[in-house]
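This report refers to the structure that appears directly beneath it.
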Amino acid sequence: MALQKLTAQEQTDALSKLKEWSLVDGREAIKRTLTFKDFNAAFGFMTRVALYADKADHHPEWFNVYNRVEVTLATHDVQGLSIRDVKLAEFIDEIYKQ
Ligand code: HBI
């Protein structure tokens, strides 16, 4: 089945579960900022996410400076949010907790 864009209700439901994420102003995308003890930890996190993203063929838009990583998720193919963004956000939350 083709990738579907989340409906407004599905977006609301997803964001109610993804409590650390927020909508990007003026864009159907979600964002979260994560901080780590140092750059090594931040880059290690990014490496884990990168491997997941490449396997899932769904890549984050992100910015890193030292121990901070700002992540934005959206699905270009549907010009909005899809289940892939929810799954990637869940993965990010899971490994960030570890
Ligand atoms: N990553 N975030 C994101 N959104 C996409 O639509 C996307 C992607 N990675 C690869 C990908 N699409 C491929 O399916 C091609 O559309 C580039």
Side-chain angles (χ1 to χ4, degrees):
M1 188 177 82
L3 197 52
Q4 302 287 322
K5 183 174 172 176
L6 293 188
T7 63
Q9 186 57 53
E10 287 167 334
Q11 270 188 45
T12 305
D13 296 348
L15 276 169
S16 68
K17 281 184 289 182
L18 296 168
K19 299 201 179 315
E20 306 299 326
W21 296 77
S22 50
L23 273 175
V24 174
D25 289 345
R27 184 183 170 199
E28 273 193 52
I30 55 174
K31 64 181 176 176
R32 180 178 183 181
T33 297
L34 308 108
T35 50
F36 299 83
K37 65 180 169 61
D38 54 24
F39 174 74
N40 183 284
F43 199 79
F45 163 82
M46 292 178 79
T47 303
R48 289 189 68 186
V49 174
L51 294 178
Y52 171 101
D54 228 31
K55 196 169 173 190
D57 193 24
H58 196 70
H59 305 82
E61 299 163 25
W62 47 9
F63 170 82
N64 161 247
V65 58
Y66 183 54
N67 69 329
R68 195 170 87 246
V69 182
E70 298 174 3
V71 184
T72 298
L73 305 179
T75 300
H76 318 138
D77 289 356
V78 301
Q79 285 93 36
L81 289 167
S82 73
I83 188 67
R84 290 182 182 175
D85 300 301
V86 177
K87 294 284 179 215
L88 180 49
E90 288 170 345
F91 175 78
I92 285 170
D93 290 353
E94 187 53 40
I95 64 171
Y96 184 59
K97 267 190 315 198
Q98 285 169 4

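Atoms within a ligand are numbered from 1 in the order they appear, just like the ligands themselves.
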### L15 CG to K17 NZ distance, which is reported to the nearest 0.5 Å
10.5 Å

### Query
So how far is it from T33 OG1 to E70 CD, rounded to the nearest 0.5 Å?
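Here the rounded value is 4.5 Å.
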
Distance to 0.1 Å, residue and atom name: give those for the protein heavy atom nearest to [atom].
{"atom": "atom 9 (N) of ligand 1", "result": "H59 ND1, 2.9 Å"}
{"atom": "atom 7 (C) of ligand 1", "result": "H76 ND1, 4.0 Å"}
{"atom": "atom 12 (N) of ligand 1", "result": "D77 OD2, 3.6 Å"}

### Query
Heavy atoms of the protein only: does one fall short of 4.0 Å from atom 17 (C) of ligand 1?
no

### Query
Hey, is ligand 1 close enough to D57 that some N/O pair sits below 3.5 Å?
yes

### Query
Do the ring centers of F36 and F43 come within less than 6.0 Å of each other?
no

### Message
Need the ligand 1 atom indices (1-based, order shown) with element for anything under 4.0 Å from a heavy-atom of H58.
### Response
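Under 4.0 Å from H58, ligand 1 has these atoms: 1 (N), 2 (N), 3 (C), 4 (N), 8 (C), 9 (N).
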
### Query
Taking all atoms of both residues into account, what is the closest heavy-atom pair of H58 and L88, and its distance?
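The pair with the smallest heavy-atom distance is O-CD2, 3.8 Å.
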
### Query
Which atom names give the shortest non-hydrogen contact between P60 and V71, and what distance separates them?
CB-CG1, 4.0 Å

### For ligand 1, the portion of A74 having any non-hydrogen atom under 4.0 Å away
backbone

### Query
side-chain contact (heavy atoms from CB on, under 4.5 Å) with D85: which of V78, T75, L18?
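Going through the options one by one, the only one that passes is T75.
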
